[in-house]
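Notes for the one structure printed next.
For clarity, every value in this text was computed on a predicted model and none was experimentally measured. Chain A is the first sequence line, chain B the second, and so forth, proteins listed ahead of strands; every chain is numbered from 1.
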Amino acid sequence: MKLKDEISGKLVEIGTSSYPMKIYVCGPTVYDKPHLGHLRTYIAYDAMVKYLRHRGTPVFYLQNITDIDDKIINRALETGQGPLVLSREYTQNYIDAMKYAGVDSVNYYAMATNHIKDIIKQIKRLEMKGFTYNLPDGIYFRVWMLKNYGRLKRQSPEEQKTGTRAKVADLKEDQRDFVLWKFKKEGEPSWKSPWGEGRPGWHIEDTAISLSFFGRKIDLHGAGRDLLFPHNEAELSIMTALKNSENVCTLWSYTGMLRINGEKMSKSLNNFIPFDELKEKYSREEVRFTFLSSLYSSDLDFSWSMLEESRKNVSYIRRSYEKLKKQSGKGVSIDVGTYRELLYRNMDDDFNTRVAISILIELASEIMKANNVEENSALEAKKLFDDANTFLGIMPEQRETGIPDQSIESLVKLRDLLRKKKLYAESDSIRDSLNNAGIVMEDGENGTIWRRE
RNA sequence: GGAUAGGUGGCAGAGAGGUGAUGCGUGGGACUGCAGAUCCCAUUUAUUAGGGUUCAAAUCCCUACCUAUCCUCCA
């Protein structure tokens with residue numbers, strides 16, 4: 001599989017080693033409800049990791065959660081809660097959102113506050129190498145020692161100077177320097193360290209977590225594009241300083257921003273749609289379909305009509321899948337192998353889920369057009385849908401109704417009999433009551449079909 | 001202002017030199033006790049504008065305009 005790398009700007013082959021691939025994705029800062037922008041990014045990486053595993057590449061997928069930060073403290077002051085109580089609550093919200101979205105590929109969620117020791121250890125090592133200096137409010141990272149700072153952002157040092165926000169921190173040796181450890185302020189959560197009580201800066205949280213798990217090498221670092229600078233640039237700097245290597249991480253990957261009315265959906269712009277609002281209206285599969293229907297790397301302008309569109313497509317694919325289950329004997333033969341090949345080819349090409357999905361729709365359409373699908377083709381097509389679903393997650397699961405298939409079948413037959421006798425009131429009442437039990441009956445050319453909703 | 005990514009039908013969105021995917025919407029038809037779904041046909045002279053390279057450009061190059069993201073808060 002090839003994936004675009006931000007630094008080289010090129011497609012890089014991944015998943016070639018039989019060793020587990022080490023994937024790290026920047027998690028959220030938990031000071032507010034998770035929103036659709038988060039879902040977009042994490043669904044993308046979830047599908048990517050699942051696809052790699054489906055194709056036989058073992059993956060260790062690690063994600064951090066920033067549960068101590070300025071934003072959390074500020075929010076806690078507003079609400080009157082303890083900062084760590086607040087972050088714990090929103091962490092749970094985040095985990096719930098991931099569960100809702102079917103994001104279950106992450107091997108471990110690392111909370112920053114559980115890794116204070118690793119953070120301190122890492123700052124010590126930077127200190128020993130001369131990469132830090134003290135100011136009254138904290139320990140800072142010395143950026144000028146790395147001549148390639150700005151590599152990720154692809155800006156030269158001259159370009160970096162233009163437009164820098166010239167405010168505060170005038171004491172810093174260089175405007176680009178960033179804080180590693182913040183000294184304690186009254187009323188803030190703090191931890192002991194060799195430099196006095198305090199708390200970690202944002203950037204070092206990620207490197208401390210990723211490197212303490214992964215050691216020397218990270219195969220893939222993912223994040224939303226808004227984290228590229230300064231956050232990931234700082235991470236890259238820390239890694240480079242620690243390992244004396246610019247290639248600690250092989251590939252930097254970014255998801256595009258979710259927009260709403262042409263603007264980025266974000267907590268700071270306060271234009272976000274929280275996941276619980278979505279949850280009420282749309283299913284996991286519809287949401288995944290929506291986000292995987294665009295390229296992970298492009299921006300996507302959100303609208304509710306996108307979800308309506310997805311709802312129809314999810315239902316269409318699902319209907320064709322249900323139809324497959326009931327095929328037997330002779331009929332139309334479908335070249336499923338070609339569909340599978342096209343699907344994999346597009347997934348392998350920078351994770352083109354958009355085209356992958358359109359291929360599934362075409363397959364579904366071919367199934368729908370056929371009067372009867374030949375037995376072998378039906379089995380293969382079903383297998384392809386199942387396989388694709390292991391990473392896309394767009395096929396609704398069958399809900400158990402508690403009513404055995406046989407009973408449903410006989411009720412369907414009874415209803416047919418009543419319909420033939422034009423006893424519509426009676427036949428409709430069978431349909432209604434099964435409908436209430438979550439079973440949908442639809443009359444078609446080849447008799448009545450039913451499915452669990 | 002700088003960096004980066006873009007501008008494709010009514011809408012959403014792929015494709016990256018050789019008849020412009022896919023979905024939604026809209027209009028018409030078929031099927032039909034009703035409901036739902038499905039099928040067929042049409043919407044199809046859709047690649048921001050202007051130059052250039054080429055036998056051939058949505059795709060490569062130049063210029064202009066427009067949009068988004070980032071430029072030390074953000075998935």
Look at the side chain of A:Q155 and decide which nucleotide, out of B:rG36, B:rG2, B:rA75, has an atom nearest to it. B:rG2
Please classify the nucleic acid contact of A:R415 as base, sugar-phosphate, or nothing, using heavy-atom distances under 4.0 Å. base
Give the nucleotide from the list B:rC70, B:rA37, B:rA75 with an atom nearest to the side chain of A:R319. B:rA37
How would you list, by chain and number, every residue that makes a side-chain contact (heavy atoms from CB on, under 4.5 Å) with A:S427, sequence neighbours excluded? A:R415, A:L418, A:R419, A:Y424
For a quick check of understanding: with a heavy-atom distance under 4.0 Å over all strands, which category does A:L295 fall into, base, sugar-phosphate or nothing? sugar-phosphate
Under 4.0 Å between a side-chain N or O of A:Y424 and OP1 or OP2 of B:rU32? no
Look at A:K422 and B:rC34 and indicate whether a side-chain polar atom (N or O) is within less than 4.0 Å of OP1 or OP2. no
Measure from NZ on A:K264 to C1' on B:rA75 and round the result to the nearest Å. 8 Å
What's A:F178 touching, base or sugar-phosphate or nothing? Going by heavy atoms closer than 4.0 Å. nothing
Counting any heavy atom closer than 4.0 Å, what does A:E233 reach on the DNA or RNA strands: base, sugar-phosphate only, or nothing? nothing
Of the candidate nucleotides B:rU72, B:rA75, B:rG23, which contains the atom at the shortest distance from the side chain of A:P230? B:rU72
Choosing from B:rG33, B:rA14, B:rA75, which nucleotide comes nearest the side chain of A:S427? B:rG33
Look at A:K369 and B:rC40 and indicate whether a side-chain polar atom (N or O) is within less than 4.0 Å of OP1 or OP2. yes
Base, sugar-phosphate, or nothing for A:M257, non-hydrogen atoms under 4.0 angstrom? base
Consider only side-chain N and O atoms of A:N64 and A:Y24, and report whether a donor and an acceptor are under 3.5 Å apart. yes
Short side-chain N/O contact to B:rU22 OP1/OP2 from A:N313, under 4.0 Å: no
Determine the contact category for A:D70: base if any of its heavy atoms lies under 4.0 Å from a base atom, sugar-phosphate if only primed atoms, P, OP1 or OP2 are that close, otherwise nothing. nothing
Classify the nucleic acid contact of A:G27 as base, sugar-phosphate or nothing, counting any heavy atom under 4.0 Å across all strands shown. sugar-phosphate
Taking only the side-chain heavy atoms of A:R431 (C-beta and beyond), determine which of B:rC34, B:rA75, B:rA14 contains the nearest atom. B:rC34
Ignoring the backbone of A:D443, work out which of B:rG13, B:rG33, B:rC73 is nearest its side chain. B:rG33
With heavy atoms under 4.0 Å as the rule, sort A:G222 into base, sugar-phosphate or nothing. nothing
For A:Y42, report the nucleic acid contact type (base, sugar-phosphate, nothing); a contact means any heavy atom under 4.0 Å. sugar-phosphate
How are the rings of A:H38 and A:H35 set to each other: parallel, tilted or perpendicular (split at 30° and 60°)? tilted
Given B:rA14, B:rU72, B:rG33, which nucleotide is nearest the side-chain atoms of A:R176? B:rU72
What's the closest nucleotide to the A:M265 side chain, out of B:rA75, B:rU22, B:rC24? B:rA75
Encoded 5' to 3' (Watson-Crick or G-U under 3.5 Å; [ ] crossing; | other strand), RNA chain B becomes (((((((..(((.....[...)))((((((.......))))))....(((((..]....))))))))))))....
Checking contacts here: which listed nucleotide (B:rC70, B:rA75, B:rU22) is nearest the side-chain heavy atoms of A:E362? B:rU22
The side chain of A:R419 lies closest to which of these nucleotides: B:rG33, B:rA14, B:rG23? B:rG33
Which of residues 296-312 of chain A have a heavy atom under 4.0 Å from RNA chain B? A:S298, A:D299, A:L300, A:D301, A:E309, A:K312
